[in-house]
Amino acid sequence: MPPAVRVRFAPSPTGLLHVGGGRTALFNWLLAHGQARRAGSDGAFILRIEDTDRARLVEGAEQGILDVLAWFGLTWDEGPDVGGPHAPYRQSERTALYREAAERLLASGDAYRCFCSPERLQAVREAQVARKEAPGYDRHCRGIERDASFARAQAGDPYVIRFAMPREGETVVHDALRGEIVYQNANLEDLVLLKTDGFPTYHLANVVDDHDMAVSHILRGEEWIPTAPLHLRLYAAFGWEAPSLAHLPLILAPGGGKLSKRHGSTSMEEFRAQGYLPEALMNYLALLGWSLDGETEIFSKADLLEKFTLERVSPSPATFDYAKLRWFNAHYINHIVALDDLVGRVAPFLADAGLVDRAAVADPSHPDRARARPAVALLKDRMETLAEAPDLLAPFLRDALESYDPALLVPKKGSSAETLAALEAVARMLPEVDLDDEAATEARFRALADELGLKAGTLFMPIRVAVTGRTQSPGLFETMRVVGAARCTRRLDAAIEALRALVPAPA
RNA sequence: GCCCCCAUAGUCUAGCGGCCCAGGACGUCACCCUUUCAAGGUGAAGAUCGCGGGUUCGAAUCCCGCUGGGGGUACCA
């Protein structure tokens with residue numbers, strides 16, 4: 001059997017999960033559960049929480065990330081909630097490991113204590129910038145004798161542990177998507193491994209953990225490329241084999257630069273709240289950087305597991321296109337998700353708006369589901385997000401119509417008196433009509449239009465407005481069928497009454 | 001400033017030396033369908049393949065330079 005492919009997604013619990021992070025998680029998952037398993041090797045997707053920055057930690061963020069990843073449709077084999085052979089999966093619970101690793105490097109001479117204060121560091125940087133030099137640590141403490149260093153530490157001098165980067169030679173990063181990237185060691189920094197508070201930096205923690213957890217492939221964002229050589233040097237210093245690396249292209253904002261609030265939603269949680277379907281979001285995100293053949297656009301989760309290969313991921317950054325995401329979402333709502341399923345997905349939004357009973361959200365057999373179903377069937381083709389459902393469905397699910405301007409009842413080329421007469425005729429005819437028979441209803445109404453000397457559309461529009469309160473709706477006869485005879489009658493009567501007030505009194 | 005990455009229509013992309021005076025999708029526009037709005041169908045416009053040099057019989061495809069965009073430059077990840 002080919003060697004196991006073990007990948008990890010390692011979010012920082014500092015807030016909501018960015019869509020870029022969501023895509024990174026997706027590609028990792030697709031590599032392990034898709035490509036690797038297809039090739040007959042074990043593929044494991046590991047979730048690891050990188051909570052070593054105590055200052056930026058946000059309470060509840062970790063759970064939020066787990067929740068949204070599950071909603072997204074990913075499953076992980078090891079993680080903080082499910083455990084696994086390399087537990088714990090939360091870095092704040094693994095600090096002894098990092099301390100130990102740092103001490104090892106200290107002993108071997110690959111690392112040293114740095115007693116410089118943040119103030120001195122800042123001053124050094126400022127002076128360098130003023131002299132137009134590259135800012136960076138000046139290795140001030142690198143020369144301190146081992147005994148002296150130890151003594152100061154014993155005396156309680158606060159310090160960090162820094163990596164003693166080789167001063168000469170070069171480090172070659174093999175990026176699976178870009179080939180070789182060569183760095184001169186001379187301009188790599190002596191990065192901090194262990195902070196004053198005893199927590200590791202990302203650099204130390206990720207190397208120690210990836211090795212400890214037997215991670216075979218690292219798929220992460222492009223913003224990590226510059227630190228890759230540093231990490232490689234760390235693996236070398238420990239005497240460990242480094243995982244293979246691939247840096248995923250950045251997701252850019254429409255105007256260029258980072259995707260931020262200014263452009264719209266940026267987090268997975270927001271897209272969820274706005275009524276995007278996880279499968280639509282997954283489909284869209286998968287295509288942001290990956291393509292099968294340039295032709296196929298629609299991919300289910302199963303399709304992606306079957307088709308995804310890392311080799312077909314592009315190295316060039318992609319702009320996030322909200323309009324295209326909307327198109328995917330609308331497409332899934334209208335053409336892919338089965339009706340009963342869709343009714344269930346729309347239910348929470350309807351419940352929030354008070355259009356269905358809260359109990360209908362969890363209970364597929366709740367009568368409100370059946371009540372909403374025909375309306376959803378009628379409106380789904382104009383629903384781009386689930387959040388639009390309440391507004392679209394309100395005329396069908398509420399008893400009374402929201403108030404509307406009676407002037408809307410009068411067609412552009414008609415008069416209020418003429419419209420009033422037409423609606424009165426419709427109201428008289430209604431009791432004899434079987435709304436469930438759309439074809440028959442249509443035939444009778446068309447005949448009525450003839451009798452009245454009106455064009456069909458000129459008769460239908462006032463009825464539409466009377467029945468829905470709007471000038472836009474699905475086909476009139478399916479609309480009336482779903483609204484039902486009782487409400488149609490009431491709404492028609494209300495419209496007639498409103499219209500009477502508009503008709504000029506006879507002179 | 002220094003280091004690094006990227007470069008096909010407004011956007012996502014196909015293309016990995018001849019099948020390409022460049023294919024698909026979103027968006028845009030037009031028409032069809034039609035009782036309105038959508039959805040759907042058909043079609044159109046839109047790319048000197050960022051620019052300039054090479055290599056080659058032949059380059060969007062390979063090489064170099066430039067330009068542009070982006071990332072990094074923290075005791076953040």
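Note: hydrogens, waters and symmetry copies are ignored here, and every other heavy atom, side chains too, is used. Throughout, a chain's letter reflects where its sequence line sits, starting with A, and its residues are numbered from 1.
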Task: Counter-base of C16(B), judged by Watson-Crick or G-U geometry with both distances under 3.5 Å - done: none
Task: Carboxylate-amine/guanidinium proximity below 4.0 Å for D293(A) and K307(A) - done: no
Open item on the list: Quick check on RNA chain B: between L250(A) and T227(A), whose nearest nucleotide comes earlier from the 5' end?
Closed with: L250(A)
TODO: Taking atom C1' in both U67(B) and C75(B), compute the distance separating them and give it to the nearest angstrom.
DONE: 39 Å
Open item on the list: Taking the C1' atom in each of A9(B) and A22(B), what is the distance between them to the nearest angstrom?
Closed with: 11 Å
- [ ] State the pairing partner of G1(B); accept Watson-Crick or G-U wobble contacts with both distances under 3.5 Å, and report none otherwise.
- [x] U73(B)
Open item on the list: For C75(B) and H203(A) - does any side-chain N or O of the residue sit under 4.0 Å from the phosphate oxygens OP1/OP2?
Closed with: no
Task: Closest contact, heavy atoms only, Y404(A) versus A466(A) - done: OH-CA, 3.8 Å
Open item on the list: Using ring centroids (six-membered ring only for Trp), state whether F271(A) and F320(A) fall under 6.0 Å.
Closed with: yes
Open item on the list: Main chain of N185(A), side chain of T171(A): is a donor-acceptor contact present, judged purely on distance under 3.5 Å?
Closed with: no
TODO: Check every strand shown and say whether R125(A) touches a base, only sugar-phosphate, or nothing at a heavy-atom separation below 4.0 Å.
DONE: sugar-phosphate
Task: Gap between atoms CZ and P, on R23(A) and U13(B) respectively (whole Å) - done: 9 Å
TODO: Tell which nucleotide pairs with U35(B), taking only Watson-Crick or G-U wobble pairs whose two distances are both under 3.5 angstrom.
DONE: none
Task: Complementary nucleotide for U42(B) - Watson-Crick or wobble, under 3.5 Å - done: A30(B)
TODO: To the nearest Å, give me how far apart CD (E438(A)) and C1' (U35(B)) are.
DONE: 13 Å
Task: Whole-angstrom distance between C64(B) and G23(B), as gauged at atom C1' - done: 30 Å
Open item on the list: Could you tell me the Watson-Crick or G-U partner of G65(B), where both distances fall under 3.5 Å? Say none if there is no partner.
Closed with: C51(B)
Open item on the list: Using Watson-Crick or G-U wobble geometry with both distances under 3.5 Å, which nucleotide pairs with A9(B)?
Closed with: none
Open item on the list: Using atom C1' in both nucleotides, what's the gap between G46(B) and A59(B) to the nearest angstrom?
Closed with: 24 Å
Open item on the list: With a cut-off of less than 4.0 Å, is there a side-chain N or O of R312(A) near OP1 or OP2 of G15(B)?
Closed with: yes
TODO: Give none if U56(B) has no partner; otherwise give the nucleotide forming a Watson-Crick or G-U wobble pair with it, both distances under 3.5 Å.
DONE: none
Open item on the list: Please classify the nucleic acid contact of P474(A) as base, sugar-phosphate, or nothing, using heavy-atom distances under 4.0 Å.
Closed with: base
Open item on the list: Applying a 4.0 Å non-hydrogen cut-off, can you work out what G136(A) is touching in the nucleic acid: base, sugar-phosphate, or nothing?
Closed with: nothing
TODO: Kindly say if R56(A) contacts the phosphate of A77(B), meaning a side-chain N or O under 4.0 Å from OP1 or OP2.
DONE: no
Atom pairs, N/O to N/O, protein against nucleotides 63-67 of chain B, distance under 3.5 Å?
none

Open item on the list: Side-chain N or O of K195(A) versus OP1/OP2 of A77(B): is the shortest distance under 4.0 Å?
Closed with: yes
Give me the distances for all protein-to-nucleotides 3-12 of chain B N/O pairs that come in under 3.5 Å?
unit_1 : atom_1 : unit_2  : atom_2 : d
C4(B)  : O2'    : Y183(A) : OH     : 3.4
C5(B)  : O2'    : R178(A) : NH1    : 2.8
C5(B)  : O2'    : E222(A) : OE2    : 3.4
U11(B) : O3'    : T319(A) : OG1    : 3.4
C12(B) : OP1    : T319(A) : N      : 2.9
C12(B) : OP1    : T319(A) : OG1    : 3.1
C12(B) : O2'    : L287(A) : O      : 3.0
C12(B) : O2     : K324(A) : NZ     : 3.4

- [ ] Can you tell me, in whole Å, how much space there is between the P of C32(B) and that of G70(B)?
- [x] 44 Å
Task: Qualifying residue, where the test is ring pair (Phe, Tyr, Trp, His ring centres under 6.0 Å) with W290(A) and the options are F27(A), Y284(A), F299(A) - done: F299(A)
- [ ] Please figure out whether F328(A) or R464(A) has its closest RNA chain B nucleotide nearer the 5' end.
- [x] F328(A)
TODO: Answer with yes or no whether the side chains of D53(A) and Y202(A) bring together a donor and an acceptor at under 3.5 Å.
DONE: no
Open item on the list: In whole Å, measure the gap between the C1' atoms of C49(B) and A14(B) for me.
Closed with: 12 Å
Open item on the list: Taking the P atom in each of G18(B) and C26(B), what is the distance between them to the nearest angstrom?
Closed with: 29 Å
- [ ] May I ask you to verify if any side-chain N or O of S291(A) is less than 4.0 angstrom from the OP1 or OP2 atom of A14(B)?
- [x] yes
Task: Sugar-phosphate, base or nothing in reach of A323(A), heavy atoms under 4.0 Å - done: sugar-phosphate
Task: Any R446(A) side-chain N or O less than 4.0 Å from OP1/OP2 of U35(B) - done: yes
Open item on the list: Say we look at C12(B) and C6(B): how far apart would their C1' atoms be, to the nearest angstrom?
Closed with: 16 Å
- [ ] Please identify each residue that fulfils ring pair (Phe, Tyr, Trp, His ring centres under 6.0 Å) with H203(A), with sequence neighbours left out.
- [x] H231(A)
